[in-house]
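First comes the structure, then the notes that go with it.
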Amino acid sequence: MFNKRTEVAKVLNDGQPGEEMIVMGWVRTFRNNQFIALNDGSTNINLQVVAPLGKFEDALLRRLNTGTAIRATGKVVASPGKGQRVELVADQIDILGDSDAEKYPLQPKKHSLEFLREIAHLRFRTNTFASVFRVRSIVAYAIHKFFVDKGFVYLHAPIITASDAEGAGETFHVTNFDLANVPKDEHGKVDFKEDFFGRSANLTVSGQLEAELAATALGNVYTFGPTFRAENSNTARHLAEFWMIEPEMAFYDLEDNMDLAEAFIKYIIRYALTHCPDDMAFLANRLAEEEKQKPQQERSEMGLVEKLQFVIDNNFERITYTEAIDILKNSNHNKKKKFQYPVNEWGIDLQSEHERYLVEKHFKKPVILYNYPKEIKAFYMRQNEDGRTVAAMDILAPGIGEIVGGSQREERLDQLQSRMKEMGISEEELFWYLDIRRFGTVPHAGFGLGFERMVQFITGMTNIRDVIPFPRYPKNVEF
RNA sequence: UCCUCCUUAGCUCAGUUGGUUAGAGCAUCUGACUGUUAAUCAGGGGGUCGUUGGUUCAAGUCCAACAGGAGGAGCCA
């Protein structure tokens with residue numbers, strides 16, 4: 001019975017006058033006592049279901065509130081009204097689920113994103129979030145398609161790990177201790193020998209190290225899974241639980257790595273544009289409306305779809321860290337002391353304002369920065385000949401900041417060991433990581449891409465909490 | 001975690017130098033109208049002014065702490 005329904009998107013696209021159909025969905029508005037705007041999540045465009053005057057009981061019509069779930073059976077007709085090609089004239093309307101108009105929080109009007117975040121269980125029913133999550137789904141699919149088509153192996157890195165040696169941020173502990181009664185050893189410290197895993201465990205902050213193990217046997221692999229950081233970050237681009245894609249490729253150097261990352265980003269953007277044209281148009285329009293509220297100089301020059309097309313059509317700018325420092329140091333912005341953190345010497349870590357200047361003011365397109373000072377990067381990155389930089393690369397996107405971070409990995413055992421010693425990282429704990437260099441080591445490289453940041457970039461949503469169904473961040477695990 | 005700003009009706013917001021009974025639009029309810037596109041028109045209901053404490057004859061308005069939110073920063077993806 002239920003599987004005989006036709007999706008609204010299909011009715012709107014293919015429905016021919018005279019066809020009998022069953023549609024099901026939720027009432028968005030009920031106008032003029034006869035026009036139901038019906039939405040079933042297949043598209044943001046509503047199907048107009050017509051309840052001819054006098055055909056239905058008043059008691060039924062009064063229940064057609066915003067949010068009510070209905071089934072309508074009827075005939076497709078060419079619409080005499082403006083705004084839609086076809087509509088459905090109902091022979092029968094059944095209420096599947098009532099919605100009390102006085103209590104239902106969503107109204108046929110604009111709501112703020114902040115308000116909708118507080119009712120995240122209902123926000124899927126708005127056009128904006130329906131579009132965002134359809135696009136998110138397509139982007140996830142495009143990611144798998146890109147790698148699988150290239151022969152990459154999809155690797156499931158563990159969610160629970162024991163290694164916290166990587167230093168990629170604060171971890172969430174995993175334990176089954178009774179927290180009111182934690183076992184202690186003779187020194188009064190927590191006795192993890194008593195814990196489930198017999199040692200301290202935590203949620204993964206990255207699948208990279210495990211991906212390297214697989215890459216040095218399978219060739220090219222990628223991970224795509226949830227990642228957890230217990231950082232107290234309160235920003236529009238951080239989450240405590242987010243999804244990350246981490247490809248890792250044997251026999252790749254830094255340049256190969258940059259080529260792949262750039263092709264990858266362009267591929268998934270193109271995929272979203274070609275497979276979600278209606279949603280992208282809706283999101284572009286939404287963003288344009290939002291920008292109208294801003295002062296002129298803060299508005300972006302391009303619309304969302306234009307901006308994405310521009311990214312696809314142009315090469316990313318590739319410059320070394322050293323060149324970036326020169327550009328920043330000699331910029332009028334720096335000379336006029338407009339940076340909160342002035343740029344005067346080689347070796348500083350770039351601040352958000354510096355990255356934004358390079359991407360949004362100077363180059364006005366995505367920028368790949370590479371060959372960073374080794375002091376500001378992780379232990380596993382390959383040391384360059386100059387003795388002071390490592391083969392790292394970050395991709396910076398306009399409006400989002402760092403979207404990709406990657407590097408060629410240090411495959412030489414001696415260099416890796418000396419770097420670990422300098423940074424105080426235990427060789428014992430990471431014996432398995434070093435074993436890869438002991439037996440048949442090869443040059444290899446990889447990168448990490450923040451999935452939500454990518455979805456933000458594609459959908460134009462400015463807050464990362466609005467591109468994941470149920471965002472987790474400090475003081476928030478509702479729903 | 002730090003800095004700045006915000007919190008008034010279901011939602012979005014006004015509310016003057018502290019001074020009677022706190023307003024508007026939308027939503028909701030009632031009625032009218034009926035080919036409407038967030039329908040339109042008329043009328044009604046709806047508020048512990050984020051919480052706690054303080055100053056004052058008097059606090060939505062001033063002060064403090066706390067909570068939540070926004071923007072920026074740090075950490076990063």
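Lettering follows sequence order; numbering is per chain, from 1.
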Of A:I403 and A:K109, the one whose closest RNA chain B nucleotide lies more 5': A:K109
Any A:N476 side-chain N or O less than 4.0 Å from OP1/OP2 of B:rG69: yes
Side-chain N,O (A:T235) to OP1/OP2 (B:rC75) below 4.0 Å: no
Steps toward salt bridge (charged side-chain N to carboxylate O under 4.0 Å, His left out) verdict (A:E353, A:R356): CA-CA 5 Å; A:E353 58 174 349; A:R356 278 224 302 277; over 6 Å; no
Ring geometry between A:F124 and A:F470 (parallel below 30°, tilted from 30 to 60°, perpendicular above 60°): perpendicular
Identified ring pair (Phe, Tyr, Trp, His ring centres under 6.0 Å) partner of A:F147 from the options A:Y141, A:F264, A:Y154: A:F264
Side-chain donor/acceptor of A:Q84 to base of B:rU37, under 3.5 Å: yes
Side-chain donor/acceptor of A:N234 to base of B:rU1, under 3.5 Å: yes
Phosphate OP1/OP2 of B:rU36 contacted by A:R31 side-chain N/O (<4.0 Å): no
Pair A:Y380-A:Q208, side chain to side chain donor-acceptor pair (under 3.5 Å): steps then yes or no: CA-CA 10 Å; A:Y380 50 73; A:Q208 178 201 316; 3.2 Å; yes
base_contact_polar (B:rU36 base, A:Q48 side chain, donor-acceptor, <3.5 Å): yes
Sugar-phosphate only, base, or nothing, as touched by A:S79 at under 4.0 Å among non-hydrogen atoms: base
Flag for A:E87-A:S79: side-chain donor and acceptor within less than 3.5 Å: yes
Proximity to RNA chain B (any heavy atom under 4.0 Å), residues of residues 255-271 of chain A only: none
Flag side-chain contact, heavy atom, 4.5 Å: A:L106 against A:I119: yes
Watson-Crick or G-U stems involving RNA chain B, each at least 3 pairs long, distances under 3.5 Å, ordered by first number: B:1-7 with B:67-73, B:10-13 with B:23-26, B:28-32 with B:40-44, B:50-54 with B:62-66
N/O donor-acceptor pair, side chain A:E118 with base B:rG69, under 3.5 angstrom: no
B:rC11 base / A:H111 side chain donor-acceptor hit below 3.5 Å: no
Worked check of salt bridge (charged side-chain N to carboxylate O under 4.0 Å, His left out) between A:R318 and A:D259: CA-CA 10 Å; A:R318 297 186 190 190; A:D259 289 345; 2.9 Å; yes
Touch class at under 4.0 angstrom, heavy-atom based, for A:E87 against every strand present: base
OP1 or OP2 of B:rA73 under 4.0 Å from side-chain N/O of A:R356: yes
Comparing A:N232 and A:P80 on RNA chain B - which has the more 5′ nearest nucleotide: A:N232
Below 4.0 Å: OP1/OP2 of B:rG72 and any side-chain N or O of A:R237: no
A:F224 side chain reached by A:W243 side chain, heavy atoms, under 4.5 Å: yes
Face-on cation placement of A:K307 at A:F457 ring, 6.0 Å and 45° thresholds: yes
Mutual orientation of the aromatic rings belonging to A:Y357 and A:F339 [parallel < 30°, tilted 30-60°, perpendicular > 60°]: perpendicular
B:rC76 base / A:S233 side chain donor-acceptor hit below 3.5 Å: no
